[in-house]
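In what follows, chains carry the letters A, B, and so on, assigned in the order in which the sequence lines appear, proteins first and then strands, with residues in each chain numbered from 1.
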Amino acid sequence: MTTEITPTTTKTRRNFSFLFALTLVGLLVLICVALSIATPNFATGNNISNLLRQGSMIAILAIGQTFVIITAGIDLSVGAIVGFSTVVVAGLIQSGMPVYLAIIITLIMGLLIGFFHAFGIVKMGLPPFIITLATLTSLRGIGLLMTNGSTINITDASFNQFSRESFLGVPNLFWMVIIVAVPAFVFLHLSKWGRYLYAVGSNPEAARLSGVSVPKMIYIAYGLSAMCAAIVGVMLAARLGVGNATQGEGWELQAIASSVIGGTSLFGAVGSVHGPLIGAFILATISNGANLLNVNSFWQRIITGALIIIIVFFDQLRRRNR
Amino acid sequence: MTTEITPTTTKTRRNFSFLFALTLVGLLVLICVALSIATPNFATGNNISNLLRQGSMIAILAIGQTFVIITAGIDLSVGAIVGFSTVVVAGLIQSGMPVYLAIIITLIMGLLIGFFHAFGIVKMGLPPFIITLATLTSLRGIGLLMTNGSTINITDASFNQFSRESFLGVPNLFWMVIIVAVPAFVFLHLSKWGRYLYAVGSNPEAARLSGVSVPKMIYIAYGLSAMCAAIVGVMLAARLGVGNATQGEGWELQAIASSVIGGTSLFGAVGSVHGPLIGAFILATISNGANLLNVNSFWQRIITGALIIIIVFFDQLRRRNR
Amino acid sequence: SMAQDVTIPIIVKDTTSFYWQIVLAGARAAGEELGVNVPELGAQAETDINGQISILENAVSGSPAAIVIAPTERSALGAPITEAAASVPIIGIDSSAESEAFSSFLTTDNVQGGRIAADGLAAAIEAATGKIEGEVAIITNSPNAGSLEERRQGFMEQLASEYPGLTLVADKYADGQAATGLNITTDLLTANPNLVGIFASNLIQAQGAGQAIAENGAAERVALIGFDSDDKLVGFLKDGTIDALVVQDPYRMGFDGIKTALAVSKGETVEKFVDTGANLITTANMEEPRSQELLNPKVN
Amino acid sequence: MRGVSHLTDLSSGSAQPASQGNAATVGGDDIILELRDLEKRYGHIQALKRSTLAFRRGEIHAIVGENGAGKSTLIKLLTGVIRRSGGTIVWNGQEVDLSTPNEAIALGINAVHQEVVLCRHLSVAANIFLGDESTKFGLLQRRDMTRAAQKILDDMGFSLPADVILDTLTIGQQQLVATARASLRGTKFIIFDEPTAYLTRQEATQLFALIRRLKAEGVTVVYISHRMEEVFELADRVSVLRDGTHVGTRNIDETDDAELVSLMINRTLDQIYHKEQIPFGKTLLETCNLSGKGFTDISITLRAGEIVGLYGLIGAGRSEFALSVFGRNPKTSGDILWKEQPVDISNERKAIDLGIALAPESRRDQGLNLNLPIGFNINLPVYDQLMAGPIIDHGEERRRADQQIKDLGIKTPSRRSLASSMSGGNQQKIVIGKWLNHGAEVFIFDEPTVGVDVGTKAEIYRLFAKLLKNGAGIILISSYLPEVYELADTLHVFREGHLVGSQTDRERSHEDILAEAIGV
Ligand SMILES: Nc1ncnc2c1ncn2[C@@H]1O[C@H](COP(=O)(O)OP(=O)(O)OP(=O)(O)O)[C@@H](O)[C@H]1O
Ligand SMILES: Nc1ncnc2c1ncn2[C@@H]1O[C@H](COP(=O)(O)OP(=O)(O)OP(=O)(O)O)[C@@H](O)[C@H]1O
Ligand SMILES: [Mg+2]
Ligand SMILES: [Mg+2]
């Protein structure tokens, strides 16, 4: 933000981020408690399962997006990659390819799309906003062309079944979140690569002069973001049982919003893995609760907008007061 | 962009921006010449009128957006404000209010929405991305609620007629562009306010220390952007003859893309009024030409994405080489 | 040989939807059969009224023999169509618009489609529970799309007038995403244990709703009626997840649209209004030849 | 604080024998600005502790103190950049709020801040007139302003074009623009916060002339510097801050170097330039006719145990040369030899892997990740060495950071504080500290002591000696002649990208070398 004077904090960034995450968790818990009181249907095992499924896809997108935002970039293409990936994985499976191979190819394709973004940024000097906006536009076109505007029906039952089942009582889709989040946490918070990512977002020139390969980090960030989107594409294809290029529309904004609600700064160098996760589930819970309470669909939009403002505002307050 | 190393140029920014605009004009002319050769229908008076009408709305949005981007901000809400404004102006006209009054009220409402954004940024410390994303969500909800999800039919013939007619052979909608662009040019390039806008985008702390009121400039920028969106809303209501809250979806991205194609930097402090105008008409011409050439609509998307990359890439090249 | 130079563009509401691809396929087939050049145009979302007006303007610039259009919005497209009709004959398909200038209409009555869906839902509920009673819900793909609003209207009117035992407990709008329809449906099932039926009024939402019902194993307890069809929905119909589909005849609309347009451009007289109809296809009648024809249109 | 308050002379109207010799406007009673019990807290940190100070009309008042003593904080309070936590400010006998920049501007108070605070996208003229544009019928008079700005710059003796974008200037040149701007607007009271940090002697002389002219016009000048000779050259009085407290004010001719230093650091400093003669070892780095953007045909040799000094004016091409050696910028011709083997240093990583370290000249732009913690900054170049398998050894990470903070005396509550919350000199220490861990053999220090206080300077020079003893070689780039002159074993002089002279034996005087650098 342009007018903000760097907040002067004497506490540590690490404690800070931890406490901050705690308070976001607190908010999530608060919402859940309120909903449990408001409707008996909320705190049922079945609904919690649904909720975990509903939030899982945006959560994974938000984690990927966070890597990119930490480098002071943005990835508008993730929604389009989700839609495109459903088409690719559905097409491959329907062409008779073994499911695991179809999935691997789809993820690699996602990675390559991310590398293309990084190429545009690093080599062609394009702003991230523009290159990812361009692929957003083009990818939807390619996906529509591949399916001729229709959907590809996936007939492999086991693939579809995966998204419905649970393991140890937790829906498989949420296990996917864990499978993505744990390595992401290690990468971002415990490895040197994570440190380099922050350095690039904070001051690329200083990072460079400290021996960090800025282009490499850009490739990694965009590659991971696009690959997360491809993972979500596979999950969505499994969940819907179809490939359809127009799916995932607007999910990029939801992912970015989750990330920012989770404390990521769009100016780079500030962000975590747990924050966006919680951000995504806050949004999912709001929408789940509104559905259970049968809130009018139009009111739901109004409330969601207002809650985003309130949540981020209190977050800002908390940051300033320390 | 994170990896870009500030180009060291000894020329002045002013000459630079002028030349750059020239080359964009060159590009636009090139596209037009190519289309005139490719299809006899392009260079007809009727089609040029169509083209001017089709580009006019995004052009005005892009001008407003540019003010905001120059302050290093972003306004994602403009598409939603367009839709919302069609509802407001249609509702007011249908309630029997004189057309001029309905328009004035709609524009004031636009201004107030912009002020609300500025309030969120200045007083609540929200990132521009978040506050405008939130109003985007909420405004659509409010508009839908007001119309109960349907459309308001405008029965005032003169209001609807305006968008179809021409003055001195130029479509009225394009006259609107001129009416907005000329004062915008004076404001941004010839007045001290414009200079303050650049200063705020370049270094808000330096601006503040020079006695420039940073909050005031933020209010002005977001107010103007939202008011431009309200103007476009009125134009759209006249063109469609209806008020409908879901109109203008995705126009914010088109406006941002036009602005960036026109040389605006998303990092602030770089941009002009003429650049975004040309950017918007380049996009409109591409889409008009694709329709005339009967390009498949999916291919159109692919081509648009690719062209955005190419145009901005050459622009970057040109900037670096000087 | 004359006909080779004849161009008749067809402008649909949303080229990204399967339904409109079938319309385009019909138009394409007619074009090949009649030797007419058929540019396939259309906006990229049903709600993009301005986009469709621009496309119409551009199409008129090309001075074609006639234009076939499916207007996205009744009143907004009225004046542009009237203006276009001054230079080119206009044939309307699917939905109407407020213009007297159409040379011919081949529409399907979406309000009627909604009524048929209500009838189908009532029948399915009766078949499952033995009585036409209980809570039902409707999911609309997105607000402000004319034909979807008409379906919703027809469905609600029919419920109110014919099936007093069925109460509408939820009237939901999604955002064009199947995943949203899926989430809404799961939450509906959670929030309304007594729910007995859902109408998902277009293809995408029927996919989402069908998946939710399958996921929750609620096919026995909840009847689901969809609108339009594709392989996925036919699969659901087969396995009983979906009880019935309301299916229009988009292929014929495209085909006959071009045919009629050519006739008009030659100065022949044509029928002013044609209703291409909406049909209810259930698990029971889905194997009948007419059903198969509707469920498997010859796309490409 | 009470213990030292008797040293101050501020509240007393008693005659100042020394100052009476100064300009007539300087009188004990003619206080223009008085600070009473001024306080500033950043969270738990007390940057300024109940300080009381008074400035007289038309005097040049120097302020000295260690890094982090609170000098810049004081200046920020006076210019409304930050709000005070307590105390009062009295301007011309009237209590004022001074909580916004506008208020300071209205009173005629202006400052050249330690870090250049200008708009890099705007032209020099636009920056000089920002907030004070001349307009006609609401339209900007660009040409008039450019002409006026050019005249101002010329009058001040700064050879700078007024119509270029600020971005294209070096930091030093930008500092001059800031100076011009402040001099123009600070009608009554001007503060310079280490203005000569990025200037060479020549520009500094111009600046001093300007400052004297301002004083002659009755303007009060506050001058902050770590260079004692400048203080003695310019100031009428000097105040000392220590740990956020005002510990004394002296008339300049009543004090000396030693007293000021001991007031500042609370102990005496026997020797600043710490230098032991150690025998040179093998040749580490050699450049043969190296050319690139900004420098041509440079051949130098660095041996183990040697300090090679590079002296020159701003824009002489030393930084560009260093960046090329470090692989940041491509060379256009010539060779680099590493231990007598030709090497291809095509990027920074290769240089670092060979054993070259570069502490760049601009701490804000090149040296620091400002919005990240200090510990992070210190360890950034060495994370390779901190890995325990795929993850970072956090204990080692902590230990190394704390070690540097201690060794360099970085004044911070914790390694987790953000670099942006550090005082200028402490930031500079981080830039140096980053590379001390690394185990490099060749260290290139580009203006390493800019903004660093005397005590720490001595500390840094001692560190240099330690590095040399361990077999390293140092290339020291400095625009501060005494520093390179005293420390360098071999001193090369750069002018306009060329190597114009070298010496190994200190046979020539400062004046000779300066003349060589200027080219007269
Ligand atoms: N934004 C901030 N947040 C927290 N602490 C700060 C901030 N700015 C300054 N400080 C602290 O206040 C103290 C005084 O800083 P100040 O910049 O005034 O020092 P200084 O005397 O100018 O030092 P130098 O000679 O290094 O420039 C330092 O300990 C510094 O770390
Ligand atoms: N940002 C810039 N834009 C344009 N030219 C520059 C820029 N920075 C440096 N130069 C030019 O590059 C050449 C070398 O500059 P460099 O900074 O290496 O000099 P230096 O000897 O290190 O001086 P300094 O005392 O400023 O560090 C000069 O001709 C200078 O004008
Ligand atoms: Mg300082
Ligand atoms: Mg230098």
Engaged part of [X] at the chain A interface, taking heavy atoms whose separation is under 4.5 Å:
X	result
C/Ala174	backbone
C/Gln207	side chain
C/Ile184	both
C/Ile204	side chain
C/Thr190	both
C/Asn183	both
C/Val169	backbone
C/Asn216	side chain

>> Before we go on, tell me: are the rings of A/Phe167 and A/Phe174 under 6.0 Å apart, centre to centre?
In response: no
>> Applying the side-chain contact (heavy atoms from CB on, under 4.5 Å) criterion to A/Val87, which one of A/Thr246, A/Leu92, A/Ile152, A/Thr106 satisfies it?
In response: A/Ile152
Give, as side chain, backbone, both or neither, the part of [X] having an atom under 4.5 angstrom from any heavy atom of chain C.
X	result
A/Leu144	side chain
A/Phe42	neither
A/Arg53	side chain
A/Gln300	side chain
A/Leu292	both
A/Asn46	side chain
A/Val295	backbone
A/Asn288	both

> Is there a side-chain hydrogen bond (donor to acceptor under 3.5 Å, both in side chains) between C/Asn110 and C/Gln248 once you walk through the steps?
Replying inline: CA-CA 9 Å; C/Asn110 276 302; C/Gln248 301 162 308; 3.1 Å; yes
Under 4.5 Å between any side-chain heavy atoms of [X] and [Y], yes or no?
X	Y	value
C/Ser142	C/Glu46	no
A/Trp175	A/Val170	yes
C/Val247	C/Leu295	yes

> Would C/Asp249 and C/Thr276 count as having a side-chain donor-acceptor pair, cut-off 3.5 Å?
Replying inline: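 Judged by distance alone, the side chains do not pair up.
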> Quick one: do the C/Asn141 and C/Gln205 side chains pair a donor with an acceptor below 3.5 Å?
Replying inline: yes
>> I need the C/Ser291 OG to C/Ile281 CD1 distance, nearest 0.5 Å.
In response: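 Those atoms lie 4.0 Å apart.
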> Could you state the interatomic distance from CG (C/Asp187) to CG (A/Asn291), rounded to the nearest 0.5 Å?
Replying inline: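 Taking CG in C/Asp187 and CG in A/Asn291, the distance rounds to 4.5 Å.
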> Between C/Ala178, C/Ala170, C/Gly235, C/Ser17, which shows the greatest number of heavy-atom pairs under 4.5 Å with chain A?
Replying inline: C/Ala178
> Pick from C/Leu233, C/Leu182, C/Leu24, C/Val234: which one has the most heavy-atom pairs with chain A under 4.5 Å?
Replying inline: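 Max contact count across the listed options: C/Leu182.
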> Given the rule in the side-chain hydrogen bond (donor to acceptor under 3.5 Å, both in side chains) test, do A/Thr66 and A/Ser259 qualify, once you have shown the distances and angles that lead to the verdict?
Replying inline: CA-CA 6 Å; A/Thr66 301; A/Ser259 189; 2.8 Å; yes
